[in-house]
Amino acid sequence: EERALLDRWALAELHRLTQQVTEAMDSYDATGATRPIQNYVEALSNWYVRLSRRRFWKGEGDSDKAGAYATLYQCLVTIAKLLAPTMPFLSEAMYRNLVASMDKSAPESVHLALWPEYDQALIDQTLLDEMALVRHLVSLGLAARNNNQEDGKLAPIGVRQPLASAMFSLRTSQESEVVSRYSELIRDELNVKQVGTLDQADSVISYVLNPLPAQLGRKYGKDFPRVQKALREGEQDDVRAWAQALQAGQTITVSIDGDSFEVTPEECEVKQQAAAGFSVAEERGYLAAVDVNLTEELVQEGLAREVVRRIQTLRRDAGFEIDDHIEATYTATGRLAEAIARFQETIRTETLASTLVEGAAGDGFHTAEFLPSEDSKADNSIRGDALTLGIKRVER
């Protein structure tokens, strides 16, 4: 109970995983004993570790940092033991790295260690359900970023570009409370400044139904024009309900002057139209809308994050350890220079840079140059501005 919420979730999932694998092993179910491990490792890597990066990196050794390391260690050791029957060599390498080389009193091999036991009391189903909802909403928010359009063409917005807000249309008031409690986590994952809920999704999206004459016309003959008009020109609340049902693969019933007509998903095309300034994504009754209006400050912060990525890549290419502190230099042009000056402290913190100085790199620095390119997605370009970086490890 002293651990962070994210740690408690990782451990709840770990104990549920141990229960699943144990029961599958007892039933000689090889698939059931292995596939859940894959799913858990993906969640641990792409959710827990990514969200805990700042906790791992921060300099002070407080209980929050200790909790993150202790939780990840427990997860990895347990995974090694759960994998032992089906991936004996990988699990042995993990175990010797994590346990046998550190604790001389522990069994020297994972195959001599006891099978892990699960604690039912730690499988917090409420926490698991809440986090599953949050992960789904984050996935929708990322999809909304990718759905952005400019001049009728798809123009995805990368996650390193901060946005003003993300709003969600939910099913229940209880889910709105979950969004409020986990708002900081959702903000960080979607890289937005504000998270909220929508009372009416109509403010950010509208629906257009296009009945297909080849299918529906053949089905209803002379009644087809009536059905077509009802679907195209109905009240937006009705159209929205019909659209969501069709998207979910359900057949809808349209009532016209006492007559009922059934329409299947194959007989009617559903089109979404986001309101100006928004990009949306919808699935299973949930909707995410992100504000795609970019202020100058947001653009500059996005540029600063691009600089962070390139410094991190340069650190990796130079062979630095993840916790090595560095000295950094830079030269930049245009808006990029303004962005670095404005967000210098953020860049330093994110890259463990003790200093970030404008000017040419001296002797002993690892350097990289990024030149302007007409292709904004080119790896050597940052939106048309030039950048030169230099980094040097600070000796301990």
Side-chain angles (χ1 to χ4, degrees), residues 46-47 50-51 132-171 175-176 178-180 182-210 236-237 239-248 265 269-306 309 335 339 375-378 381-384:
N46 298 321
W47 189 253
R50 191 171 69 244
L51 288 172
L133 172 63
V134 170
R135 292 181 68 193
H136 180 60
L137 295 180
V138 167
S139 177
L140 273 182
L142 295 174
R145 278 177 164 271
N146 290 331
N147 290 343
N148 181 56
Q149 297 201 10
E150 293 179 5
D151 300 324
K153 296 181 180 179
L154 199 62
I157 300 176
V159 76
R160 279 187 291 274
Q161 173 58 61
L163 298 177
S165 66
M167 309 295 285
F168 299 96
S169 177
L170 307 166
R171 293 175 175 176
E175 290 176 340
S176 297
V178 172
V179 170
S180 178
Y182 291 80
S183 60
E184 182 176 355
L185 186 155
I186 297 172
R187 283 201 307 269
D188 289 345
E189 273 298 273
L190 292 181
N191 193 14
V192 296
K193 301 301 181 182
Q194 183 180 358
V195 169
T197 57
L198 294 165
D199 294 330
Q200 296 291 332
D202 295 347
S203 60
V204 296
I205 190 173
S206 61
Y207 296 89
V208 175
L209 297 179
N210 181 34
Q236 185 58 216
D237 288 345
V239 172
R240 174 181 172 81
W242 291 335
Q244 290 177 340
L246 290 169
Q247 287 177 325
E269 181 183 19
V270 178
K271 296 182 179 180
Q272 296 175 330
Q273 294 181 340
F278 289 93
S279 181
V280 301
E282 188 173 15
E283 185 181 37
R284 302 200 321 255
Y286 296 100
L287 180 141
V290 293
D291 184 343
V292 296
N293 295 294
L294 295 179
T295 64
E296 181 62 24
E297 182 176 1
L298 289 174
V299 170
Q300 288 192 1
E301 186 175 349
L303 290 171
R305 287 176 178 261
E306 294 286 354
R309 181 174 78 88
R335 298 168 86 184
D375 180 5
S376 62
K377 296 183 179 180
S381 174
I382 304 183
R383 304 188 196 181

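The model shown is predicted, which means the values in this text are computed figures rather than measured ones.
S165 is not listed as a side-chain neighbour of V192, based on a closest heavy-atom distance of 4.5 Å or more. No side-chain heavy atom of S169 sits less than 4.5 Å from a side-chain heavy atom of E282. Side-chain atoms of Y286 and L133, non-hydrogen and from C-beta on, do get closer than 4.5 Å to each other.
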task = Could you give me the CA-CA distance, side-chain angles and deciding distance for K193 and E301, then say whether salt bridge (charged side-chain N to carboxylate O under 4.0 Å, His left out) is met?
result = CA-CA 12 Å; K193 301 301 181 182; E301 186 175 349; 2.8 Å; yes
Check: Passes side chain to side chain contact (heavy atoms under 4.5 Å, CB included), F168 versus L287? Steps please.
Finding: CA-CA 6 Å; F168 299 96; L287 180 141; over 6 Å; no
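L170 contributes atom CG, which lies 8.5 Å from atom CG of L198 (distance to the nearest 0.5 angstrom). Between the CD atom in Q247 and the CD atom in E283 there is a gap of 10.0 Å [rounded to 0.5 Å]. Here CZ of R187 is found 14.0 Å from CG of L163. Values are rounded to the nearest 0.5 Å. The OG atom of S206 sits 12.0 Å away from atom NZ of K271, with the distance rounded to the nearest 0.5 Å. Between N46 atom CG and L51 atom CG the span is 10.0 Å, to the nearest 0.5 Å.
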Can I get a per-line list of side-chain donor-acceptor pairs under 3.5 Å for residues 137-147, giving both atom names and the distance, sequence neighbours left out?
from, atom 1, to, atom 2, distance (Å)
R145, NE, L190, O, 3.2
R145, NH1, I157, O, 3.3
R145, NH1, G158, O, 2.6
R145, NH1, Q161, O, 3.2
R145, NH2, Q161, O, 2.7
R145, NH2, L190, O, 3.0
R145, NH2, N191, O, 3.3
N146, ND2, L142, O, 3.4
N147, ND2, A143, O, 3.3
N147, ND2, V280, O, 2.9

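The residue from N293, V292, V290, V204 that alone fulfils the side chain to side chain contact (heavy atoms under 4.5 Å, CB included) condition with F278 is V204.
Annotation: E296, atom CD; neighbour count of heavy atoms from other residues, nucleotides and ligands within 6.0 Å is above 12. Applying the 6.0 Å contact sphere to CZ of R335 captures no more than 12 heavy atoms from other residues, nucleotides or ligands.
With R240 contributing its side chain and Q236 its backbone, the two residues share no donor-acceptor pair below 3.5 Å.
Listed here is the closest heavy atom pair of V239 and L209: CG1-CG, 3.9 Å.
Under the salt bridge (Lys or Arg N to Asp or Glu O under 4.0 Å) criterion, the residue pairs touching residues 148-163 are R160-E306, with sequence neighbours excluded.
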